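Structure record follows, encoded as structure tokens.
Starting from 1, each residue takes its place in the sequence as its number. Bear in mind the structure is a predicted one, so any value in this text is a computation, not a measurement.
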Amino acid sequence: MLEGLDPEQREVATALHGPVCVLAGAGTGKTRAITHRIAYGVRAGILQAPSVLAVTFTNRAAGEMRGRLRQLGAAGVQARTFHSAALRQLQYFWPKAVGGGLPRIADRKFPLVVDAAAACRIRLDRGELRDVTGEIEWSKVTQTVPADYAAAAAKAGREAPRDPAEIAQLYAAYEDVKRDRGVIDFEDVLLLTVGILQDRHDIAQEIRAQYQHFVVDEYQDVSPLQQRLLDLWLGDRDNLCVVGDASQTIYSFTGATPDHLLDFRTRHPGATVVKLVRDYRSSPQVVHLANGLLNQARGRAAEHRLELVSQRAAGPDPVYTDYPDEPAEAEGAARRIRELLAAGVPAAEIAILFRANSQSEIYEQALADAGIPYQLRGAERFFDRPEVRKAGVALRGAARFGANDSLLEDAVDLPSQVRAVLSGEGWTTEPPAGSGAVRERWESLAALVHLAQDFVTTKPDATLGDLVAELDERAGAQHAPTVQGVTLASLHSAKGLEWDVVFLVGVAEGMMPITYAKTDEQIEEERRLLYVGVTRAREHLSLSWALSRSPGGRPSRRPSRFLDGLRPGSGAAAGRGAAGGRGGAGGVERGFAGSGASGATAAVPARHRGPRTVARCRVCGRTLNDAGEMKLMRCEDCPSDMDEGLYERLREWREGEARRSGQPGFCVFTDKTLMAIAEAVPDDAGELARIPGVGVRKFNRYGADVLAICAGQESGGDEEES
């Protein structure tokens, strides 16, 4: 059980008594260390599997932990998120503690907050609705009641989206609405469990008798409410192992705080403390940049930073690229990715990471234009996809009646059985062309094929029934297999993941750190967020930024201050002009000497964009910054002179094109681009080409059809297709 562990991991695995604090840097094998610790304890008879509760923060992480523990022979250990563990206890003890059935958990808070605002006669726009909901969630995880909100928010340095008294009023009304409807929310699961354990000592003792040993992963993200629940689970015992890294604290806006991790030795003076700093994930070049980011950090978390030591062979240096505008940045990333795919890098090993979800659209479009398959992390859940549900039914049927299934006659092992069954659902040995819906369905099925191959390597005698059981468990935990497509994700949602190639985009002042980060604490959290992004890369890391938001905009942006002194030529403190002074539409890459093909070379221009002009609304003259407004060439709120009939004809034509090419409609043209065409009604190729969203590739492919439709003629698409 201890073979293959490094000395520090082995120290973790054998520290089975009393409080243990593991300070684990990014990529240092913390999950390996704690799962081997649990399994070693079970094998040695020191721990009883059913008496161990391991908690973490995502269903995916919990599912991965359970899978590893099964492989190590400790299948009876409970590995759950805080919420799933609390919900399980709440459902079991509610009839005894309160009586009746547990109230329904509300699917979404927004409708409840809307009704609370109506009751208070307060009008909230969409942004305020989201922000107020966030304040309510923060209040609950920090155990703040409505009457104390204003004082607590001021003490925490939070910038309330509205008057604090109004938010307190909305918070109280929200609780009333829930009570009147007999529902509870996500945070109530923890609050009610805490309440029952505090009030009912008999129930608390029953839980403590069940669980004798606790392991908490990602301990730097624990909120005060979660810490309170953990204290109640523990009672007066100290059989607790916590694992975390203060330098990866990136969720303080939700109430998470690294104080519990940093104060662990104060609360437990005799605790065993182990530091994991051997980085097995990233190359020395990536680790060097990560360490450099933290060396410039300030604050309490920075005082406890870990200096990582890469255990991998040398790789290429990080590449730094500036682009004239955001569309050029997106096209540059897509171009580089096509080169990587052509060189044999799997799409699933490439990620584009950004600070805000609003940045994803332009990269989705660029990848779709380049014919590159992608998946948006945080979108539709894998096991909720229709093709995955159908595949699950087919596999379950084959597992039950396989002996009579002619498809399985020649299938000699589990992977071949799965391939045979899924061939009836649309899986083929070669992927379909393009990046549309057909390709997405194939990628989902291919992910199940790959999962079967991985499953049989860990369990050679596995049957189809075993795989179906594994899929059921993964579906319950939302532990999705890897889908073969480039990943698009925000930095927050990328936590806990890793790829061979990572593109960190939009690394500019105003986005990294983001504009609303004002205080020193908020700025340092932004630095930690970039650190998390950097440490997602195993080998290839690219950081880029745009000098302006839109084509023709003033090139006033500068790269993030966090890169000062780290990127080539920036010096100890780069001046504002460090990235300026270049024309054209291409990007300029900067790497260190010896960075190979992606080193200090000029990038290929994305396309000629014509003379630089500021994008202005053609109705009111206001400068446009929003990408959607720039496509329309008018403010969203300004009146439209769109030809509705032309717009509908364009939509019908787009649906036909999408069906023929097997891709979603937006890959042909987005709705905003169709609206812009219907408003401009171009007469010739030059007018059509000048509409934002109509690039060279799309103009060459669809220009003739679009101009024909605008002229009131039928497009030639069907005739050409036939």
Kindly indicate whether the side chain of [X], heavy atoms from C-beta on, has any atom under 4.5 Å from the side chain of [Y].
X: V502; Y: V286; value: no
X: R88; Y: Q78; value: yes
X: R538; Y: R312; value: yes
X: H540; Y: F503; value: no
X: L464; Y: L414; value: yes
X: V706; Y: F669; value: yes
X: L491; Y: V532; value: no
X: K109; Y: K178; value: no

Could you measure the distance from the [atom1] atom of [X] to the [atom2] atom of [Y]? Nearest 0.5 Å is fine.
X: T193; Y: Q91; atom1: OG1; atom2: CD; answer: 9.5 Å
X: W499; Y: L497; atom1: CH2; atom2: CG; answer: 4.5 Å
X: I362; Y: Q365; atom1: CD1; atom2: CD; answer: 9.0 Å
X: M65; Y: I38; atom1: CE; atom2: CD1; answer: 6.5 Å
X: M675; Y: I691; atom1: CE; atom2: CD1; answer: 12.5 Å
X: K698; Y: L688; atom1: NZ; atom2: CG; answer: 12.0 Å

TODO: Name the orientation class of the two ring planes belonging to Y363 and F354 (parallel below 30°, tilted from 30 to 60°, perpendicular beyond 60°).
DONE: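 The rings of Y363 and F354 lie parallel, inter-plane angle below 30°.
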- [ ] Could you tell me how the ring of W653 sits relative to the ring of Y702: parallel (under 30°), tilted (30 to 60°) or perpendicular (over 60°)?
- [x] perpendicular
Open item on the list: I'd like to know whether E470 forms a salt bridge (Lys or Arg N to Asp or Glu O under 4.0 Å) with R66, so could you lay out the CA-CA distance, the side-chain angles of the two residues, the decisive distance to 0.1 Å, and finally the verdict.
Closed with: CA-CA 11 Å; E470 171 74 7; R66 282 195 297 273; over 6 Å; no
Which pair of heavy atoms, one from [X] and one from [Y], lies closest together, and at what distance?
X: P346; Y: L341; value: C-CD2, 4.2 Å
X: I352; Y: A333; value: CD1-CB, 4.4 Å
X: A334; Y: A370; value: CB-CB, 4.3 Å
X: Y323; Y: A328; value: CD2-O, 3.5 Å
X: D107; Y: R104; value: N-NH1, 4.4 Å
X: G485; Y: Q375; value: O-NE2, 3.9 Å

So, does [X] use its side chain to make a donor-acceptor pair with the main chain of [Y] at under 3.5 Å?
X: D472; Y: A469; answer: no
X: S282; Y: A537; answer: yes
X: H492; Y: Y251; answer: no
X: E387; Y: L445; answer: no
X: D188; Y: D185; answer: yes
X: R654; Y: V668; answer: no
X: E349; Y: D500; answer: yes
X: R355; Y: M512; answer: no
X: R281; Y: T535; answer: yes

Open item on the list: With a sphere of 6.0 Å drawn around CZ of F699, does it hold more than 12 non-hydrogen atoms of other residues, nucleotides or ligands?
Closed with: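 Counting neighbours around CZ of F699, more than 12 heavy atoms of other residues, nucleotides or ligands fall under 6.0 Å, so yes.
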TODO: Check the surroundings of atom OH in Y280: do more than 12 heavy atoms from other residues, nucleotides or ligands lie under 6.0 Å from it?
DONE: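 Buried by this count: over 12 neighbours within 6.0 Å.
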- [ ] Go through the steps to decide whether L87 and I105 satisfy the test side-chain contact (heavy atoms from CB on, under 4.5 Å), and finish with yes or no.
- [x] CA-CA 10 Å; L87 179 59; I105 301 175; 3.7 Å; yes
TODO: For E652, check side chain to side chain contact (heavy atoms under 4.5 Å, CB included) against everything at least two apart and list the hits.
DONE: none
Task: Test log, rule salt bridge (Lys or Arg N to Asp or Glu O under 4.0 Å), inputs E331 and R335 - done: CA-CA 6 Å; E331 290 167 358; R335 186 171 58 250; 5.8 Å; no
Open item on the list: Could you go through R68 and H36, starting from their C-alpha distance and side-chain angles, then the distance that decides it, and tell me whether this counts as side-chain contact (heavy atoms from CB on, under 4.5 Å)?
Closed with: CA-CA 9 Å; R68 292 201 192 190; H36 277 73; over 6 Å; no
Open item on the list: Suppose we screen for ring pair (Phe, Tyr, Trp, His ring centres under 6.0 Å). Which residues come up paired with F57, at least two apart in sequence or across chains?
Closed with: F82
- [ ] Starting from the C-alpha separation in whole Å, work towards a yes-or-no answer on salt bridge (Lys or Arg N to Asp or Glu O under 4.0 Å) for R701 and E657.
- [x] CA-CA 11 Å; R701 185 170 183 179; E657 286 294 330; 5.4 Å; no
TODO: Can you sort out the partners of Q226 under side chain to side chain donor-acceptor pair (under 3.5 Å), two or more places apart, ordered by chain and number?
DONE: S223
- [ ] Please test T254 against V141 for side-chain contact (heavy atoms from CB on, under 4.5 Å), starting from the C-alpha separation and ending with a verdict.
- [x] CA-CA 8 Å; T254 67; V141 300; 5.6 Å; no
- [ ] Take T35 and V77 through the test side-chain contact (heavy atoms from CB on, under 4.5 Å) and record every step on the way to the result.
- [x] CA-CA 10 Å; T35 52; V77 173; over 6 Å; no
